[in-house]
Protein chains: 2
Amino acid sequence: MAQVRPMRADARRNYERLLKVAVEAFAEHGEGASLDDIAKRAGVGSGTLYRHFPTRQALLEAAYLDRIEALAARADTLAAERPPGEALGEWLYELGVGMIRMRGLRALLGPAVTEGDAAVATACGDSVRNAADRLVRAARQEGTLRPDVEPMDVLRLAHGVTTASELADAEGRQIRRYLGLLMEGLGPRDR
Amino acid sequence: MAQVRPMRADARRNYERLLKVAVEAFAEHGEGASLDDIAKRAGVGSGTLYRHFPTRQALLEAAYLDRIEALAARADTLAAERPPGEALGEWLYELGVGMIRMRGLRALLGPAVTEGDAAVATACGDSVRNAADRLVRAARQEGTLRPDVEPMDVLRLAHGVTTASELADAEGRQIRRYLGLLMEGLGPRDR
DNA sequence: ACCTGAACACCGTTCAAGT
DNA sequence: ACCTGAACACCGTTCAAGT
């Protein structure tokens with residue numbers, strides 16, 4: 001692994017300003033927020049934005065990296081505090097609430113759960129997939145999750161249910177209920 | 001209701017060419033297909049497209065109206081042929097397959113299941129909601145569907161599950177399985 | 001009554017020129 | 001080494017001029 005050379009002072013400053021403005025812009029206008037506008041609001045030329053973040057996905061990833069890591073850490077906390085099935089359900093709920101509150105997070109997580117043969121190995125994707133892996137494995141062992149359901153299935157379905165609850169209302173008030181119905185379906189067969 | 005005056009011959013011709021090209025373009029490039037390109041390919045000025053279809057939604061609706069009506073009719077056929085729960089499941093499956101095959105149909109149906117206090121009363125939306133209404137009511141009566149689940153909930157969740165299966169792979173090979181898990185969750189509580 | 005296409009605004013992306 | 005901003009391509013939308 002190449003040692004990452006420290007950025008020049010002005011580059012570092014621009015990088016940080018861009019991230020700060022990007023989070024605001026994504027919150028305001030969703031994942032489609034104008035990149036040109038972000039550059040302008042950050043007071044840099046558009047070329048500078050592209051230099052630091054060659055694609056929209058790269059910018060999204062950098063902007064939400066810390067919240068993704070917080071979510072991953074939260075998975076461990078929940079796993080330690082509650083029985084596996086409950087931990088998984090609560091984690092998915094918090095993930096869903098995050099995707100609704102921080103518009104742009106969902107756009108970032110979509111590709112991470114897509115069967116993209118390559119190019120999906122992003123840092124964010126790995127964090128989320130690993131967290132889901134741990135929770136799903138435990139719930140399966142406990143017997144509260146069907147054995148044929150994979151972590152990726154759970155992530156995709158949670159993503160879909162979040163979308164569904166956003167269709168109900170923009171604030172996602174149905175998310176808990178919809179996730180409950182999903183979890184019921186993911187439980188062991190019993191008839 | 002105002003009597004709809006017949007279109008002038010050239011207008012009618014343009015209208016139809018636009019629809020035909022639009023279906024192709026949406027299939028090829030998804031809901032975001034370039035309107036300018038559609039006009040060009042249909043051999044009309046861009047103004048003509050806007051005259052006939054003031055918004056992208058209006059074009060989507062006109063393009064898919066017949067398939068929506070076929071789906072609504074299909075609901076009645078299924079209701080006559082199978083027990084209610086099965087009819088609902090199969091109908092949702094066919095709806096999902098349609099949304100994956102005809103990219104653009106999902107974009108059309110999204111707003112139709114959104115809690116938009118107004119402006120949602122489109123012809124397409126009404127057809128789909130009515131069909132879902134009949135199937136859901138019957139399944140509830142039969143006892144294979146939880147009584148607290150509304151038709152709109154079912155439509156939204158099916159929409160979400162379809163999105164989830166498209167995340168798995170572009171052809172939606174998981175849709176049957178994912179819908180099965182959802183239907184399990186929508187069944188009566190039994191423990 | 002309907003159509004055309006130029007005009008305008010906006011956005012993404014690249015790259016030559018600057019420091 | 002990094003930044004700037006003009007330049008280009010593309011798209012949505014409107015509207016004056018045409019038939």
Side-chain angles (χ1 to χ4, degrees), chain A residues 2-64 103-104 107-108 110-111 119, chain B residues 2-64 103-104 107-108 110-111 119:
Chain A
Q3 157 88 350
V4 190
R5 294 205 291 89
M7 278 187 218
R8 221 169 64 179
D10 54 345
R12 162 118 243 128
R13 202 167 43 237
N14 284 337
Y15 183 89
E16 245 127 45
R17 295 213 54 190
L18 279 168
L19 277 190
K20 200 184 132 223
V21 171
V23 170
E24 290 168 18
F26 288 136
E28 205 171 325
H29 302 111
E31 45 155 330
S34 160
L35 297 183
D36 202 61
D37 182 59
I38 290 176
K40 232 170 234 130
R41 280 210 254 169
V44 306
S46 47
T48 301
L49 189 154
Y50 283 93
R51 158 172 285 266
H52 287 299
F53 312 103
T55 67
R56 185 181 290 273
Q57 281 294 317
L59 179 56
L60 280 168
E61 177 156 1
Y64 291 115
R103 311 170 55 182
L108 171 60
Chain B
Q3 158 86 354
V4 189
R5 293 203 294 89
M7 276 186 217
R8 221 169 64 178
D10 55 344
R12 161 118 245 129
R13 206 169 39 240
N14 285 337
Y15 183 90
E16 246 126 46
R17 297 212 52 190
L18 279 169
L19 278 190
K20 202 185 129 222
V21 171
V23 169
E24 291 168 16
F26 287 137
E28 206 171 324
H29 302 111
E31 47 155 328
S34 159
L35 298 183
D36 202 61
D37 181 60
I38 290 176
K40 231 170 235 133
R41 281 209 254 171
V44 306
S46 49
T48 302
L49 189 153
Y50 282 93
R51 159 171 286 266
H52 288 298
F53 313 102
T55 66
R56 184 181 290 271
Q57 280 294 315
L59 179 56
L60 280 168
E61 177 155 0
Y64 291 114
R103 310 168 57 181
L108 172 59

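Numbers restart at 1 for each chain; the letters A, B, ... are given by sequence-line order, proteins then strands.
At the heavy-atom level, A:Asn14 lies under 4.0 Å from the strands shown only through sugar-phosphate atoms.
Between the CG atom of B:Asp10 and the P atom of C:dC3 there is a distance of 5 Å, rounded to whole Å. The interatomic distance linking B:Asp36 (CG) with C:dC11 (C1') rounds to 15 Å, in whole Å. For the pair A:Phe53 CZ and D:dC2 P, the computed distance is 13 Å after rounding to whole Å. Atom OH in B:Tyr15 sits roughly 17 Å away from atom C1' in C:dA1 (whole-Å rounding). Atoms CG (B:Leu18) and C1' (C:dC2) sit 13 Å apart, rounded to a whole Å. Straight-line distance from the CZ atom of A:Arg12 to the P atom of D:dC3: 12 Å, rounded to whole Å. The nearest whole Å value for the distance from the NE2 atom in B:His29 to the C1' atom in D:dC11 is 14 Å. One atom, OH of A:Tyr50, and another, P of C:dC15, lie 13 Å apart when rounded to the nearest Å.
Each of A:Val44, A:Val23, A:Leu49 was scored for a side-chain contact (heavy atoms from CB on, under 4.5 Å) with A:Ile38, with one residue passing: A:Leu49.
Side-chain atoms of B:Leu59 and B:Leu19, non-hydrogen and from C-beta on, do get closer than 4.5 Å to each other. Taking the side chain as every heavy atom from C-beta outward, B:Pro111 and B:Gln57 approach each other to under 4.5 Å. Taking 4.5 Å as the limit, some side-chain heavy atom of B:Glu24 sits within range of a side-chain heavy atom of B:Arg41.
Nearest-nucleotide mapping onto DNA chain C: of B:Ala11 and A:Ala33, the residue sitting toward the 5' end is B:Ala11. Take the nearest nucleotide of DNA chain D for B:Leu35 and for B:Arg8: the residue whose nucleotide is more 5' is B:Leu35. Take the nearest nucleotide of DNA chain C for A:Ser34 and for B:Arg51: the residue whose nucleotide is more 5' is B:Arg51.
Under a 4.0 Å N-O distance rule, the pair A:Lys20/A:Glu16 does not qualify as a salt bridge. Salt bridge status for B:Glu61 with B:Arg56: absent, with no side-chain N to carboxylate O gap under 4.0 Å.
Listed pair B:His52 / C:dC2 fails the phosphate criterion, with no side-chain N or O lying under 4.0 Å from OP1 or OP2.
Interatomic distance, B:Leu18 CG to B:Thr48 OG1, rounded to the nearest 0.5 Å: 7.5 Å. B:Phe26 CZ to B:Glu31 CD: the interatomic distance, rounded to the nearest 0.5 Å, is 8.5 Å. For the atom pair OH of B:Tyr50 and CG of B:Leu35, the computed distance is 4.5 Å after rounding to the nearest 0.5 Å.
A heavy-atom distance below 4.0 Å to DNA chain C is reached by these residues of residues 40-49 of chain B, ordered by number: B:Gly43, B:Val44, B:Gly45, B:Ser46, B:Gly47, B:Thr48.
Looking at DNA chain D, the stems built from 3 or more consecutive Watson-Crick or G-U wobble pairs, each pair with its key distances under 3.5 Å, are C:4-8 with D:12-16, C:12-16 with D:4-8.
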